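Just so it is clear, the values below take in all heavy atoms, side chains as well, and ignore hydrogens, waters and symmetry mates. What you see is a predicted model; the values in this text were computed from it and never measured.
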Amino acid sequence: MASRFSKSTVVTVPNYHDGSTVTAFPLSASAATASAINNDSDFTSVPHHRDSEFAAENSSSTTTTTMAYYLPHTSFFKGLHHDAFELELPKGPSDSDLVSKWRPKDKIKTRFVALVLCLNIGVDPPDVIKISPCARMECWIDPFSMAPQKALELIGNSLTSQYERWQPKARYKCQLDPTLEAVKKLCTTCRSFAKSERVLFHYNGHGVPYPTPNGKIWVYNKTYKAYVPLPLNDLDSWLKTPTIYVFDCSAAGKIVNSFIELHEGSASNSTSSPRDCIMLAACEAHETLPQTVEFPADVLTSCLTTPIKMALRWFCTRSLFRDSFDYSLMEKIPGLTNDRKTLLGELNWIFTAVTDTIAWNVLPHDLFQRLFRQDLLVASLFRNFLLADRIMRSANCTPVSHPTLPPTHQHHIWDAWDMAAELCLSQLPSLVEDPNAKFQPSTFFTDQLTAFEVWLDHGSEHKKPPEQLPIILQVLLSHCHRFRALVLLGRFLDMGPWAVDLALSVGIFPCVLKLLQTTTPELRQILVFIWTKFLALDKSFQVDLVKDRGHIYFMKFLDSLEAYPEQRAMAAFVLAVIVDGHRGGQEACIQDGLSHVCLKHLESSSANDSQTEPLFLQWLCLCLGKLWEEFPEGKLIGLQGHATSIVAPLLSDPHPKVRASAVFALGTLIDVGFDSCRRVGDEECDDDKIRAEVSIVRSLLSVASDGSPLVRAEVAVALARFAFGHKKHLKSIASAYWKSQTDSLINSLPSSSNIKDTDGGYPKQSQHMAHDGIVSPQIGPLSVGSDNSKVIHDGRVSSSCPIASSGIVHGSLSDNLAHHSNVEILNDGFGNGVINNFGPKTLDNALHSQCVLSICTLAKDSSPRVANLGRRVLSIIGVEQEVAKPSNPFGVQTSEATVFRSLARSTSWFDINGGGHMPLTFRTPPVSRPRSSYIAEMRRVCSLEFRPHLMTSPDTGLAHPHLGSGGASGTYDHSFLPQSSIYNWSCRHFSKPILTAPDDSEEVFAIREERENFALEHIVKCQHSAVSRLTNPIAKWDIKGTQTVLLQPFSPIVVAADENECIRIWNHEEATLLNSFDNHDFPDKGISKLCLVNELDDSLLLAASSDGNIRVWKDYSLRGKQKLVTAFSSIHGHKPGVRSLNAVVDWQQQCGYLYASGEMSSIMLWDLDKEQLVNTIPSLSECNVSALAASQVHGGQFAAGFIDGSVRLYDARTPEMLVCGLRPHTERVGKVMGIGFQPGLDPGKLVSASQAGDIQFLDIRNHSSAYLTIEAHRGSLTALAVHRHAPIIASGSAKQLIKVFSLEGDQLGTIRYYPTLMAQKIGSVSCLNFHPYQLLLAAGAPDACVCIYSDDNANAK
């Protein structure tokens, strides 16, 4: 792929999903391609080559390409949210984390500079002995070259101008040879003017005695005939704080030590905050200033105020130039210090970068922030102080500072400065001689960027941080290297939060913020990437961005069609963080048209789905949701922009995060307080808003049964907002249903044929409310609507409602139910001032009915987190649920739910399915009169699992005792509502490395390669194996109620599940139990299938329950550490009146398809990559499916066996789906107990076994009959297993018998029960399963044990 960044290097990194390579973003500008590395939903299926597969089967030699068809090349459930969706609530960008940590809390400026010079030129202090010749220069002026007074004034003016270069905005005041009173006046004036800002006090004591042992400094009396001591406590009281002192005199360390003692003593006696006092001193307490003529007399002052000149002179005396260089040329260096394109400006730029780098690498980061980022003048002085430390130590003099700095004079980066200084001195004569000559720029910054790039190639969090980070900051200040520096900075930030922390500690934030004002096109993509990494960790940037109108930069990038969608997704992310919980950001973005921009691109993306990046769609939705969240003006603009019709189509997007984000965006448009305007005569209600809300909720209901718990959780959160605003209406519907339901169960008995109307405002007891609800032992029979067509005649209930058999299909009710429930609720005439004569249109009542049903669905969701959200929504509308949980670890129910189910099974009044969607319909009661105790039991059962709230609200007159009040209208705090998590989950994508593969990618590659080699080697062995017997038991566990068993392919692990859905994992070689856990806590138990997902990688365990619920587990073999990856209901729209779904399920790794069926007339096809139902395939049979088998070689192909003995082969890739239908079991018709594809690449050869005991070998090319029949068992066959690669099958019977056959029909072995003491005991065989790559057979029996059998020949070998 060509680079999308000009003048940049292309770097490729491996894609750990498919082994290909992608181009890394900052160097190639392809954020999309690079982000595909960590994109948790972009997986591609293996292409199907049917023709080559048929040819490969007929080939005499097995090639590598042919063998590759046996191995799946896809992985699933790799998203970040799959790791811990059920375990934790994700955290998004923090309000005050990294940025606030490094943001200067108190930006202080030095407002006043007091210069005190005690020189007394011509008079040496009595305790000073000077050498001859000695240092004489003061501020680069020879005081003995002119009159003393003139020299003193000139030195004072020169020192002032030197300081002004570093802080031109400060006020300067100089006192020359002052008295004590003059110093006091100067100090008090400084503090009065500076107020709370910093004051700099510079003291030059070269003309006075050394400081006293207690730190007193000297000034003069009025006649200059005596030295007057100045106590430090007086000086400190005059200047107060914050202050910075510079003491340029011998034994200056005494002053620093005394100041420290003074401050420590005052701090111990005071509770106030410590004083902000910084000190720089020329030498230690026992040292004197250097007097050699090589240095000026004020060497510390020269280093602090003229560092370039001082550094060049010092370097020159130690280089090859020392004998030939004209030092006067140093005064003529061309250029300005603030012009980086000149020689002097470049030298100053390099010096700043070097000293910043040294300081950042040796100082604690908080101290670095205080000294080098808080105050401009302080930062300059400390940079120059590092130079003073280097120079003065060469003269055996050690500068002192407070806070104390570690030694820096030998830091290796000084060598880079020396190189720059040498280059400058080498060309300085020619530049001075010819003013038009161009100087040769230093390679310092280029070399340092290269060093940083090398570190990026080999560095990590666990290695020493890159010391060039401060240099990166300096480079960003100039155009010449800015692009490359930004690219490298982006790569560094992508390494993780620790890298962002380091970058912020350097002070990168203000610079990157200022860069948003640039209009350079090539910087846009990388700047967006850098801000993405910053905001993924800390959203407190949002205030600065809005203040500087930085959001405009990202809006323009988002609206740019030149950028790639994945790059624009980052801009949408940045804007989403800007408006997240920040009203100022929302107002600014709404005013600048962000809603219109996002909706425009969503609309254009919908028209061109094939070229749309899902990450872009996801963040457009999230950005809109955050823009509208709790912002009425934003919602109004969104609705006016037809947001509902634009966003709703994304609910069917193939990517679950896009669907969840669309649900979130639509949910934020629901007005939480909307219920208050739905009153009679309220003319202010906006009809458009009502219609929009109805449209939104209908759209949400369509994905209430989505395959992704992430989507269903967002639906629950959105419905909670709707329920909060409509709780009165929803509670009225629930209450009306509850009243009619409980009364009808009793009054429909023959003893209650004479029914009278009630006056309590409820529907008449003869008006039973039709419903097609969702009822389970976890949720009471709560539903909505009424049916006036159901009338009691002679004590019986006749049901003529046309919706009695209608059901929820893909999470929504049929229009029939919506229409009927609407009309009937209006006709019921509810009273109590709550629901009587509701103003809304009739469509709204049907909508409320559907909402109650969907909320009940969510409240019993297979995902615990989604179920918890659903129960919270129920509590909002006044229904509180008590979940019946098992009373023992094996799931044996002793609660009332057990009685409820047993009651349902023992009467013809009910038809309840304990799993899935459970329609409850009333049927004709028995003619005989039930006993009174039975009626009491009915009353008790009907009220179980709901407990009443306290009836405290004004509207409780309508509420049923089992319905809570839900609080008075408007009394709920919005914080009670469940919160969305999709935004926080999505933010994690950007907080993780995007440009590089994970650190463990090489290890993952190695493990997969090892397993592929193992699989291919054993496939060949299986295909050419000669099995004599498969009856040698190698492992056995006594487990009751085993329903399904599974052998892991690459480890000696067996997984078994019993009738209570307790899953146990053993190591069958070591005979140890590795883990044991319950698949779920629902009362209804029964497992249908165990499958492995991603068997070549870190495999996941897919457990399919008999009710059709699918749960996928991670780390299932680690004791107590199993994690639920995902869960969903795989069967929708089952036949009415069924008591048990008897789900049959199979998994196809090659293409990621899950096939599910049961008591229904269709087969559900789920794409687990998309976590979506992609097709409902009609079974074309009046009978139910009893067995399913998916081809593990040919993606999309599967076979189904039916209870009438018929077999059908399907191909999901073809439009007609059905390939052929056969009836092989004709002689003795029995339901198909097992079906499977024969080993090999031929997709047309099947094995089918019926309950009658016959096993049929089928070839779809011969439609007439089976080409081979085995009479394996007589009327008692219970299980069938077909080896994936070896030419063997096994069948089990209820007569304690297992038989093993070859594909030619030869019986290879028999395992039977011998009633002897040492014999192997087996029971009625409930399940059989072969090891996929070895000759091992696992068998389970409901009343005996789990056994593993191997081939005798294998043991002999």
Go through the steps to decide whether Val1185 and Ile1163 satisfy the test side-chain contact (heavy atoms from CB on, under 4.5 Å), and finish with yes or no.
-> CA-CA 8 Å; Val1185 176; Ile1163 301 171; 4.2 Å; yes
Between Phe1128 and Trp1166, how do the two ring planes meet: parallel, tilted or perpendicular, split at 30° and 60°?
-> tilted
Give a yes or no on whether the backbone of Gln1122 and the side-chain of Asp1115 come within a donor-acceptor separation of less than 3.5 Å.
-> no
May I ask you to test the Ile1289-Gln1238 pair for a side-chain heavy-atom distance under 4.5 Å?
-> no
Note, Glu1059 side chain near Ser1326 side chain (heavy atom, < 4.5 Å) | no
Step by step, would you call Leu1246 with Val1207 a side-chain contact (heavy atoms from CB on, under 4.5 Å)?
-> CA-CA 10 Å; Leu1246 306 172; Val1207 173; 4.2 Å; yes
Hey, are the side chains of Arg1284 and Tyr1333 touching, using non-hydrogen atoms and a 4.5 Å cut-off?
-> yes
Ser708 versus Arg659, closest heavy-atom pair with distance = CB-NH2, 4.0 Å
Could you walk me through whether Lys860 and Asp1107 pass the salt bridge (charged side-chain N to carboxylate O under 4.0 Å, His left out) check?
-> CA-CA 12 Å; Lys860 66 177 187 60; Asp1107 59 3; over 6 Å; no
side-chain contact (heavy atoms from CB on, under 4.5 Å) between Leu1102 and Leu1092, intermediate numbers included = CA-CA 6 Å; Leu1102 185 150; Leu1092 285 182; over 6 Å; no
Does Lys1170 pair with Asp653 as a salt bridge, N-O distance under 4.0 Å?
-> no
Counting N and O atoms only, with roles assigned by atom type, does the side chain of Gln1043 sit under 3.5 Å from a partner on the main chain of Ile1087, one being a donor and the other an acceptor?
-> yes
Just how far is it from atom CZ of Phe1014 to atom CD1 of Ile1019, taken to the nearest 0.5 Å?
-> 10.0 Å
Shortest non-hydrogen pair, Pro1243 vs Leu1209, comes out as O-CD2, 4.0 Å
Which one of Trp1147, Tyr1153, Phe1237, Tyr1210 satisfies the ring pair (Phe, Tyr, Trp, His ring centres under 6.0 Å) criterion with Phe1198?
-> Tyr1210
Any side-chain heavy atom of Asn1184 within less than 4.5 Å of one from Met1160?
-> no
Hey, mind stepping through Gln618 and His655 against side-chain contact (heavy atoms from CB on, under 4.5 Å) and telling me if it holds?
-> CA-CA 9 Å; Gln618 175 185 342; His655 299 86; over 6 Å; no
Any side-chain donor paired with an acceptor under 3.5 Å for Asp706 and Gln1172?
-> no
Stepwise salt bridge (charged side-chain N to carboxylate O under 4.0 Å, His left out) check, Arg1008 with Glu1095 = CA-CA 10 Å; Arg1008 184 180 179 94; Glu1095 68 176 30; over 6 Å; no
Does the Asp1078 side chain pair with the main chain of His1080, one donor and one acceptor, at a distance under 3.5 Å?
-> no
Any donor-acceptor N/O pair, Ser1088 side chain to Ala1143 backbone, under 3.5 Å | yes
Residues Arg1111 and Thr1126: side-chain donor-acceptor under 3.5 angstrom = no
Would you kindly say whether Ser1105 and Glu1061 are connected by a side-chain donor-acceptor distance under 3.5 Å?
-> yes
Would you name the heavy atoms of Ile982 and Ser661 that are closest together and state the gap between them?
-> CG1-OG, 3.7 Å
Spacing of CD1 belonging to Ile1288 relative to CG belonging to Leu1335, to within rounding of 0.5 Å = 5.0 Å
Worked verdict on Arg1011 versus Asp1097 for salt bridge (charged side-chain N to carboxylate O under 4.0 Å, His left out) = CA-CA 8 Å; Arg1011 291 181 174 180; Asp1097 301 295; over 6 Å; no
Measure across Lys1089 and Asp1146 and return the closest heavy-atom pair with its distance rounded to 0.1 Å.
-> CE-OD1, 3.4 Å
Pairwise side-chain contact, Ser1099 with Val1093, heavy-atom cut-off 4.5 Å (strictly under) = no
Side-chain contact test, heavy atoms from C-beta onward, threshold under 4.5 Å: evaluate it for Arg712 versus Leu858 and give yes or no.
-> yes
Return yes if some donor-acceptor pair links the side-chain N/O of Gln1192 with the main-chain N/O of Pro1332 below 3.5 Å, else return no.
-> no
Taken to the nearest 0.5 Å, the spacing of Ser1117 OG from Gln1048 CD works out to 6.0 Å
Looking only at heavy atoms, the pair that brings Ile1065 and Ile1053 closest together is CG2-CG2, 3.3 Å
Separation between CD1 of Ile1255 and OG of Ser1250, rounded to the nearest 0.5 Å | 9.0 Å
Check: Ser1130 side chain, Ile1110 main-chain N or O, donor-acceptor pair, under 3.5 Å = no
Under the side chain to side chain contact (heavy atoms under 4.5 Å, CB included) test, which residues partner Val1045, sequence neighbours left out?
-> Val1054, Ala1056, Cys1327, Asn1329, Ala1338, Val1346
Could you pull out the closest heavy-atom pair between Ser1157 and Leu1188, with the gap in Å?
-> N-CD1, 4.1 Å
Using 30° and 60° as the class limits, which term best fits the ring planes of Trp1113 and Phe1077: parallel, tilted or perpendicular?
-> tilted
With distance as the sole test, does Ser1162 use its side chain to make a donor-acceptor pair with the main-chain N or O of Pro1178 at under 3.5 Å?
-> no
Would the number of heavy atoms belonging to other residues, nucleotides or ligands and lying under 6.0 Å from NZ of Lys1114 be above 12?
-> yes
Arg1208 to Phe1202 six-membered ring, cation-pi geometry met (6.0 Å, 45°) | yes
Using a 4.5 Å cut-off on heavy atoms from C-beta on, say whether the side chain of Pro709 contacts that of Glu1171.
-> yes
Quick one: are the ring centres of His1283 and Phe1330 less than 6.0 Å apart?
-> yes
Please lay out, stage by stage, how Arg1223 and Asp1204 fare under the test salt bridge (charged side-chain N to carboxylate O under 4.0 Å, His left out).
-> CA-CA 9 Å; Arg1223 287 187 175 273; Asp1204 63 353; 3.3 Å; yes
Supply the atom-to-atom distance Leu1280 CG to Met1233 CE, rounded to the nearest 0.5 angstrom.
-> 10.0 Å
Under 3.5 Å donor-acceptor, Gln1148 side chain and Leu1154 backbone = no
Exam field: side chain His1194 to backbone Leu1241, donor-acceptor pair closer than 3.5 Å = yes
Side-chain donor-acceptor contact under 3.5 Å, Glu1182 with Ser1161 = no
Gap separating the SG atom of Cys1022 from the NE2 atom of His1331, nearest 0.5 angstrom = 9.0 Å
Test item: Leu650 and Cys621 side chains (from C-beta on) under 4.5 Å apart, heavy atoms | yes
Cut-off 3.5 Å, side chains only: do Glu1159 and Asn1142 have a donor facing an acceptor?
-> yes
Name all residues meeting the side chain to side chain contact (heavy atoms under 4.5 Å, CB included) criterion together with Ala1279; count only those two or more places apart in sequence or in a different chain, and write none if there are none.
-> Val1325, Leu1328
Just by distance, do the side chain of Asp1211 and the backbone of Val1219 share a donor-acceptor pair under 3.5 Å?
-> no
